[in-house]
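Here's the structure we're looking at; comments come further down.
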Amino acid sequence: MLTRIDHIGIACFDLDKTVEFYRATYGFEVFHSEVNEEQGVREAMLKINETSDGGASYLQLLEPTREDSAVGKWLAKNGEGVHHIAFGTADVDGASDAIRNKGVRVLYDEPRTGSMGSRITFLHPKDCHGVLTELVTAAPPAATDH
Ligand code: V0V
Ligand code: CO
């Protein structure tokens, strides 16, 4: 059902400085960047590796675009660090329903738009042993415009 780590979401105060740290320290380059106004983030995706199901794994660096966003609130409380993990699945709708039926709170009734045209939803961290957990179905290759 869940076939890879799609990404690890890392909250930061200054996206450009954090991108530069990952480039200078590890040699990771920005694969894609965008602003997601609905989620209140400016983000950069650094591709780490391809995966056997045709997808890939990324680091997702996140800077809030407003203080009252999920990442803005989290940063004010915790400072910079790992904000969420995201599992990749071919079927985010089916995975959401299956996990909801196990009694875990799925935050959205329907998946919303994520990075690179993906469809995403989140599981409540209080139901996941303290880990904000995202489920992602990547856009079909032709729909990815980066
Ligand atoms: C909050 N809590 C967390 C947490 N955020 N625990 C672990 N990891 C996190 N990231 C805890 C917090 O410490 C509180 O625990 C409790 O949950 C309630 O938190 P709160 O500060 O009162 O905040 P809420 O309830 O207003 O919001 C928390 C939720 C919110 C998880 C509901 O952050 C949310 O809707 N997140 C989903 C959307 C999101 O994160 N978007 C940004 C990434 P105590 O103190 O009560 O014990 S966008 C993205 O990933 C994209 C676009 C993509 O991948 O493509
Ligand atoms: Co994410």
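A quick note: this is a predicted structure, and the numbers were derived from the prediction, not measured. Order of appearance sets the numbers: ligands from 1, and atoms from 1 within every ligand. All values below come from the heavy atoms of this structure, side chains included, with hydrogens, waters and symmetry mates left out.
A salt bridge does not link Asp127 to Lys102: none of the charged nitrogens lies less than 4.0 Å from a carboxylate oxygen.
Looking at Glu134 and the Co ion (ligand 2) together, the shortest N, O or S contact belongs to OE1. Note on His84: its N/O/S atom closest to the Co ion (ligand 2) is NE2.
Distances below 4.0 Å separate heavy atoms of Gly114 from the following atoms of ligand 1: 55 (O). Counting atoms of ligand 1 from 1 in the listed order, those under 4.0 Å from a heavy atom of His7 are 54 (O). In summary, the atoms of ligand 1 found under 4.0 Å from a heavy atom of Val71, numbered by their order in the structure, are 42 (C). Counting atoms of ligand 1 from 1 in the listed order, those under 4.0 Å from a heavy atom of Glu43 are 52 (C). Contact atoms of ligand 1 toward His84: 43 (C), 50 (O) (distance under 4.0 Å to a heavy atom of the residue). Within ligand 1, the atoms closer than 4.0 Å to a non-hydrogen atom of Leu107 are 32 (C), 34 (C), 35 (O), 37 (C), numbered from 1 in the order shown.
Taking backbone and side-chain atoms together, His7 has an N/O/S atom less than 2.8 Å away from the Co ion (ligand 2). Taking 2.8 Å as the threshold, Ser115 does not count as a candidate ligand of the Co ion (ligand 2), since none of its N, O or S atoms lies below it. For the Co ion (ligand 2), the N/O/S atoms of Asp6 include none lying under 2.8 Å.
Pairs engaging residues 71-96 under the salt bridge (Lys or Arg N to Asp or Glu O under 4.0 Å) rule: Asp93-Arg119 [sequence neighbours left out]. Under the ring pair (Phe, Tyr, Trp, His ring centres under 6.0 Å) criterion, the residue pairs touching residues 45-82 are Phe31-Tyr58, Trp74-His83, with sequence neighbours excluded.
The nearest heavy-atom contact from the protein to atom 31 (C) of ligand 1 is Pro125 CD, 3.6 Å. Ranking protein heavy atoms by distance to atom 4 (C) of ligand 1, first place goes to Trp74 CD1, 3.5 Å. Counting protein heavy atoms only, atom 54 (O) of ligand 1 is closest to Glu134 OE2, 2.6 Å. Among all protein heavy atoms, the one lying closest to atom 7 (C) of ligand 1 is Gly130 O, 3.1 Å. Among protein heavy atoms, the minimum distance from atom 33 (O) of ligand 1 is reached at Ala70 CB, 3.3 Å. The closest protein non-hydrogen atom to atom 17 (O) of ligand 1 is Lys126 CE, 3.9 Å. In terms of protein heavy atoms, atom 19 (O) of ligand 1 is closest to Lys77 NZ, 4.8 Å.
With a 4.5 Å cut-off on side-chain heavy atoms, Phe87 and Asp6 do not count as touching. With contacts defined as side-chain heavy-atom distances shorter than 4.5 Å, the pair Val92/Thr121 qualifies.
Nearest approach of Cys128 to Val104, heavy atoms of both residues: SG-CG1, 4.1 Å. Summarising the geometry of Glu34 relative to Met116, their closest heavy-atom pair is OE1-N, 2.9 Å, with the distance given to 0.1 Å. The two residues Glu37 and Arg66 make their nearest non-hydrogen contact at O-NH1, 2.9 Å. The shortest heavy-atom contact between Leu123 and Leu132 is O-CD1, 3.4 Å. When all heavy atoms of Leu2 and Ala95 are compared, the pair lying nearest together is CD2-CB, 4.2 Å. The two atoms that bring Pro64 and Cys12 nearest to each other are CD-O, 3.6 Å, heavy atoms only.
Of the heavy atoms in Ser115, both backbone and side-chain atoms come closer than 4.0 Å to ligand 1. Within the 4.0 Å heavy-atom criterion, the part of Tyr108 lying near ligand 1 is the side chain and not the backbone.
In terms of polar-atom proximity, Asn36 is not counted as a contact of ligand 1, lacking any N or O under 3.5 Å from an N or O of the ligand.
With atom 38 (C) of ligand 1 as the reference point, the heavy atom nearest to it among Gln39, Met116, Gln60 is part of Gln39. If you check each of His83, Lys73, His124 against atom 23 (O) of ligand 1, the one with the closest non-hydrogen atom is Lys73.
Annotation: Ile8, atom CD1; neighbour count of heavy atoms from other residues, nucleotides and ligands within 6.0 Å does not exceed 12. Atom CG of Asn101 sits in a crowded spot, with more than 12 heavy atoms from other residues, nucleotides or ligands closer than 6.0 Å.
A donor-acceptor contact closer than 3.5 angstrom links the side chains of Glu43 and Ser115.
Atom 25 (O) of ligand 1 is never approached by the protein to below 4.0 angstrom, counting heavy atoms only. At a distance under 4.0 Å, no protein heavy atom can be found next to atom 29 (C) of ligand 1. Under the 4.0 Å distance rule, the nearest protein heavy atom to atom 12 (C) of ligand 1 falls inside the cut-off.
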Original post:
Do Glu20 and Arg23 pass the salt bridge (charged side-chain N to carboxylate O under 4.0 Å, His left out) test, and can you show the C-alpha distance, the side-chain angles, and the key distance before you say yes or no?
Top reply: CA-CA 5 Å; Glu20 176 54 19; Arg23 191 199 62 73; 2.8 Å; yes

